[in-house]
Amino acid sequence: MREFREEDAIGMYELNNDPDVIRYTGDDPFASVESALDFIRKYHAYEETGCGRLTVLLKGSMEYAGWCGLKYDPASLETDLGFRLVKQFWNKGYATEASLRCLEFGFMELKLDKIIGRAMQENKASINVLKKVGMTFEKEFEAHGGICVQYCINKK
């Protein structure tokens with residue numbers, strides 16, 4: 001995993017243009033590869049908060065697999081674990097592996113006490129990842145036109 005780079009624009013564009021991938025996200029697809037590139041160029045979370053979403057590359061081939069990472073929300077003072085993978089890499093353990101590394105970074109390097117994860121209630125695959133990494137149910141809320149759930153894990 002590494003910070004976003006301009007070379008990720010094609011992968012990000014293709015990722016967000018798969019209706020199955022963005023089905024539960026509330027996000028719109030990128031209009032073009034150029035708009036994905038613009039997003040990457042304007043992504044300053046690393047400098048502003050010390051964390052952010054990271055590109056996930058397959059070991060060996062370095063093929064673009066998606067992204068995973070932590071996102072700090074100054075309004076709620078919460079740090080959220082998020083992930084999105086190319087469909088061909090679903091159900092192979094990559095989201096769990098990347099998420100565990102992000103949690104380790106959050107607790108060990110950022111010294112966080114709590115990390116949350118959110119998903120649409122219907123998104124059973126993402127909820128399963130949150131559970132696999134040790135998160136427990138915290139609450140339900142409405143967003144993106146439906147019911148969402150929030151899970152959390154506290155520093156041990």
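All values reported here derive from a predicted model rather than from experimental measurement. Residue numbers run from 1 in the order of the sequence given.
- Closest approach of L130 to L81, counting heavy atoms only: CD2-CD2, 4.3 Å.
- At least one side-chain heavy atom of Y72 sits under 4.5 Å from a side-chain heavy atom of L77.
- E3 places a side-chain heavy atom less than 4.5 Å from the side chain of L54.
- Within the 4.5 Å cutoff, no side-chain heavy atoms of I10 are placed close to those of Y64.
- The local environment of CD in E140 is crowded, with over 12 non-hydrogen atoms from other residues, nucleotides or ligands closer than 6.0 Å.
- R84 places a side-chain heavy atom less than 4.5 Å from the side chain of N16.
- The number of heavy-atom neighbours closer than 6.0 Å to NZ of K155, taken from other residues, nucleotides and ligands shown, is above 12.
- Side-chain contact between L103 and I153: present, with at least one pair of heavy atoms (C-beta onward) separated by less than 4.5 Å.
- Two different hydrophobic clusters hold M12 and L37 under the rule that ILVMFWY side chains link at heavy-atom gaps under 4.5 Å.
- When all heavy atoms of I40 and E6 are compared, the pair lying nearest together is CG2-N, 4.0 Å.
- Between T49 atom OG1 and H44 atom NE2 the span is 12.0 Å, to the nearest 0.5 Å.
- Nearest heavy atom pair, residue C102 against residue C68, reads SG-SG, 3.8 Å.
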Please walk me through it: do V86 and V21 pass side chain to side chain contact (heavy atoms under 4.5 Å, CB included)?
CA-CA 7 Å; V86 175; V21 171; over 6 Å; no
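- Relative ring orientation between F4 and Y43 is described as tilted, the plane-to-plane angle lying within the 30° to 60° band.
- Note that CD of Q150 and CD1 of I116 are 4.0 Å apart. Values are rounded to the nearest 0.5 Å.
- Under the 4.0 Å criterion applied to side-chain N and carboxylate O atoms, R2 and D8 are assigned as salt-bridge partners.
- Residue A45 comes nearest to G52 through the heavy atom pair CB-CA, 4.2 Å, listed as atom of the first residue, atom of the second, then distance.
- Between D80 and R53 the shortest side-chain heavy-atom distance falls below 4.5 Å.
- For the pair I115 and G106, the tightest heavy-atom approach, listed with the atom from each and the gap, is CD1-CA, 4.1 Å.
- Residues W90 and M120 do not share a hydrophobic cluster, defined by chaining ILVMFWY side chains whose heavy atoms lie under 4.5 Å apart.
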Begin from the C-alpha positions of F83 and T96 and carry the test side chain to side chain contact (heavy atoms under 4.5 Å, CB included) through to its verdict.
CA-CA 9 Å; F83 44 85; T96 302; over 6 Å; no
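- Between E138 and R118, no side-chain nitrogen of the basic residue sits less than 4.0 Å from a carboxylate oxygen of the acidic one, so the salt-bridge criterion is not met.
- Cluster annotation: I127 and Y24 are assigned to distinct hydrophobic clusters (Ile/Leu/Val/Met/Phe/Trp/Tyr, side-chain heavy-atom contacts under 4.5 Å, transitive).
- Using a 4.5 Å heavy-atom cutoff, the side chains of Y94 and V129 are not in contact.
- Counting heavy atoms from C-beta outward, E104 and L100 have side chains that stay 4.5 Å or more apart.
- With F39 as the partner, the ring-ring contact (aromatic ring centres under 6.0 Å, His included) test is satisfied by one option alone out of Y13, W67, F30: F30.
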Salt bridge (Lys or Arg N to Asp or Glu O under 4.0 Å) between E97 and K92: does it pass, once the steps are laid out?
CA-CA 10 Å; E97 181 181 349; K92 298 184 185 303; over 6 Å; no
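- In the displayed structure, N91 atom CG is contacted under 6.0 Å by at most 12 heavy atoms of other residues, nucleotides or ligands.
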Let's go through L70 and L110 carefully: what are the C-alpha distance in whole Å and the side-chain angles of both, what is the deciding distance for side chain to side chain contact (heavy atoms under 4.5 Å, CB included) to 0.1 Å, and is it a yes or a no?
CA-CA 10 Å; L70 301 176; L110 298 177; 4.1 Å; yes
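- In terms of heavy atoms, K131 sits closest to Y151 at CE-OH, 3.4 Å.
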